[in-house]
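Note that the numbering runs from 1 along the sequence shown for the chain.
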Amino acid sequence: MYNYRPLTDDEIIVLEEKGCTAEDWTSVNVADDFNPSHIKDVRFYGTVNLGVFEKNIEVTQGFHVHSGVRNATLRNATIGDNCLIENIGNYISNYVIGEECCIRNVCTMETTAEATFGEGNIISVLNEAGSGNVVIFRGLTSNLAALMVAHSGDKDLSAALKTMAKNDVSGRLTGTGTVGDYVRIINTTEITNTNIADNCEINGACRLSDCTLAAEADDNVYIGSGVICENSVIADGSSVLNSAKLFNCFVGEACQITNGFTAENSLFFANSYMANGEACAAFCGPFSASHHKSTLLIGCMTSFYNAGSATNFSNHAYKMGPLHYGTLERGSKTASGSHTLLPARIGAFSVCLGKITTHPDTTSLPFSYVIGEGRETYVVPGRNIATVGLYRDITKWPRRDVRIKGSRKSIVNYDWLSPLTANEVVKGHQLLADLRQNAGQKTAFCTADGNKLIIKSLEKGLQLYAMAVEIFIGEVLMSHDISDPVTASGAGEWRDLAGLLMPASEEERLAEKIRYGMIDNIGTLKNMLEAYNERYADYLWAFTVSLMKEWLGKDELTEEDAQQFRMRGMAARRAWLDMIREDAEKEYRLGDVDRQTLDKFLAQLE
């Protein structure tokens, strides 16, 4: 930071000759090497600090203009070295602007009293009429947000989480807006109460009001033409483009909101893509995608999910009972009139014909298709386990994570067979076994919670679920010999905090530490979440040992048991790949793909 000096009398004369005026020239301060020759037609009000203007600035590829301030009104502003600021239609007020910024053809940039820059704003997700359950701030991650949502009914815990977030924000708030180094703001109408990190670009936006662009050094934020953002935080390599509109939202990391998409009171995390449609009170976790104008996401929680055309999560038909929210994960799009039912993360729901309906029993049938036919609803259990779509999804998600390695904030676990999904598969297997036992030998259908299952599909589902369990156990055992787990945690239920998989018992232990003040700041809480993720392998082994005992009906395991599981796991995996190969060849026979595409896919199969 400069120790600025007052203008000399000669510098004031040069500035006045170049059409500059000042409310009080003694309030205009400059760097030691300041040269007034590149300041023209500028009106100064309040205290203004100016750096040096010695370099050319690239305004577009191959076109450079000398730095300076021209045709602008500055009030209580600091301009860093070698900035190009020109054609400011109204004024720049109460801003500190970093080095080598290009700000051209902008109407207004202003910070007003008590600005929060969108941080500390409390919004309600999953229920647009709620009292507020998530605090928006630049350090928010999908995992922290999921923790806030999952425990919003616990007053003490919720209050503690909100206090931590607000304390994190309060240390950053000042009465002055900031623009970092190497920022470009071009052809933009209004920027009010908005902090902008280094290297960000705003080009053609309509309005940014009470916002924070919280980019990292190598992961800038881009705001494009026609965009309106209010009370929002956009972070870490994200972009908002093409007349998108955000109100009370958090966007980050590496997300793209574009093509007129409109969102309010919503969260978007880790590689999500939203275009054309709408979102309200939506929790869009890692790899959520929506492409269609007719897609409406309201009060839902998604991850690894691609919303189809005419998807409607609207809750206007809510009844007076509780609605159970859930997550659709790792599911490929299915044919019109059907939907993939997968393990829930917070409660459960399935989607049919554009309405949200709860299915208390069939939620234990993961990786299933729910098909509406006339007045009937059919469940095809486990079918999606052995499809090209699932295999493609398993391999593509890690490749599509474009966040910068080493600075990723939201924790994302990519295991498709994990303790979370394995638990649901085991429950599904038991449910199908009970249904089959109670059905007559000559019965063609059976019913679960009002949904029909064809007996042949049920029997196939039993095989698929058993295969998935054996694949899971076999894969874990490839890196383990039979030994006692190093932790008692892991057996039993698991939770998904929007990408972070952990035992339910550990989440409850974490909640207790927060509730009673043992964790009282965001930094410590993030470190705890990272530690849980680092111990995933230990928890996974504890779960697998428990599952093997349950699957075999034994209290103790031997190395012989382990070897049998390894062999069965390899056989199950070969059978699984054969089914996927058959599914791919079926697509080819139906004319859905050409031979080259088929051969390329088959070559990827192990």
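The pair R138-E216 does not count as a salt bridge, with every side-chain nitrogen at least 4.0 angstrom from each carboxylate oxygen.
Contacts of Y465 classified as ring-ring contact (aromatic ring centres under 6.0 Å, His included), with partners at least two apart in sequence or in another chain: none. Annotation: side-chain hydrogen bond (donor to acceptor under 3.5 Å, both in side chains) contacts of S489 (sequence neighbours excluded): E506.
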### Query
Stepwise, does the side-chain hydrogen bond (donor to acceptor under 3.5 Å, both in side chains) test hold for N384 with T387?
CA-CA 5 Å; N384 202 48; T387 62; 3.1 Å; yes
### Task
Decide side chain to side chain contact (heavy atoms under 4.5 Å, CB included) for R535 and M502; before the verdict, give the C-alpha distance in whole Å, the side-chain angles of both, and the deciding distance to 0.1 Å.
CA-CA 9 Å; R535 295 200 66 189; M502 61 189 297; over 6 Å; no
### Task
Quick one: do K600 and D594 satisfy salt bridge (Lys or Arg N to Asp or Glu O under 4.0 Å)? Show the steps, please.
CA-CA 10 Å; K600 183 178 180 180; D594 58 28; over 6 Å; no
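Taking both residues in full, the closest heavy atoms of L432 and L458 are given as O-CD2, 3.6 Å, listed atom of the first, atom of the second, then distance. Contact between I234 and S238 at its shortest, heavy atoms only, is CG2-CB, 3.8 Å. Nearest approach of H292 to A307, heavy atoms of both residues: CD2-O, 3.7 Å. The nearest pair of heavy atoms linking G139 to L144 is O-CD1, 3.8 Å. Across every non-hydrogen atom of E507 and A150, the tightest pair is OE2-CB, 4.2 Å.
Contact check for F565 versus L552: side-chain heavy atoms found under the 4.5 Å cut-off. Put simply, the side chain of L477 does not reach to within 4.5 Å of the side chain of R568, judged on heavy atoms. Residues Y536 and P419 meet the side-chain proximity criterion, which asks for heavy atoms closer than 4.5 Å. Looking at W416 and I385, their side chains come closer than 4.5 Å, going by heavy atoms from C-beta outward. Between N276 and T295, the closest side-chain pair of non-hydrogen atoms is not below 4.5 Å. N423 places a side-chain heavy atom less than 4.5 Å from the side chain of F543. Residues L525 and L510 have side chains in contact (heavy-atom distance under 4.5 Å, counting atoms from C-beta outward). The side-chain heavy atoms of K526 and T141, taken from C-beta on, include a pair separated by under 4.5 Å.
Ring pair Y539/W494 is perpendicular by interplanar angle, where above 60° counts as perpendicular and below 30° as parallel. Ring geometry, F287 versus W397: the interplanar angle falls from 30° to 60°, so the pair is classed tilted.
Screening residues 231-259 for salt bridge (charged side-chain N to carboxylate O under 4.0 Å, His left out) gives D236-K409, E253-R403 as the qualifying pairs, with residues at least two apart or on separate chains. Listed by first and then second residue, the salt bridge (charged side-chain N to carboxylate O under 4.0 Å, His left out) pairs involving residues 269-279 amount to none (not counting sequence neighbours). Legend: salt bridge (charged side-chain N to carboxylate O under 4.0 Å, His left out) pairs involving residues 284-305, not counting sequence neighbours: none detected.
With no hydrogens or angles considered, a side-chain donor-acceptor pair links T524 and N521 at under 3.5 Å.
Remark: the backbone N or O of M579 is not paired with any side-chain donor or acceptor of D583 at under 3.5 angstrom. Within the 3.5 Å criterion, the main-chain N or O of Y391 finds a donor-acceptor partner in the side chain of T395. Checking side-chain atoms of N133 against main-chain N and O of V149 turns up no donor-acceptor pair under 3.5 Å.
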Could you tabulate the donor-acceptor pairs under 3.5 Å formed by side-chain atoms of residues 256-273, not counting sequence neighbours?
unit_1, atom_1, unit_2, atom_2, d
T258, OG1, N242, ND2, 3.3
N259, OD1, N242, ND2, 2.9
T262, OG1, G260, O, 3.4
S266, OG, E264, O, 2.9
S266, OG, A281, N, 3.2
S266, OG, A282, N, 3.1
N271, OD1, V402, N, 3.0
N271, ND2, D401, OD1, 3.0
S272, OG, F269, O, 2.8
S272, OG, G285, O, 3.0
S272, OG, S288, N, 3.3

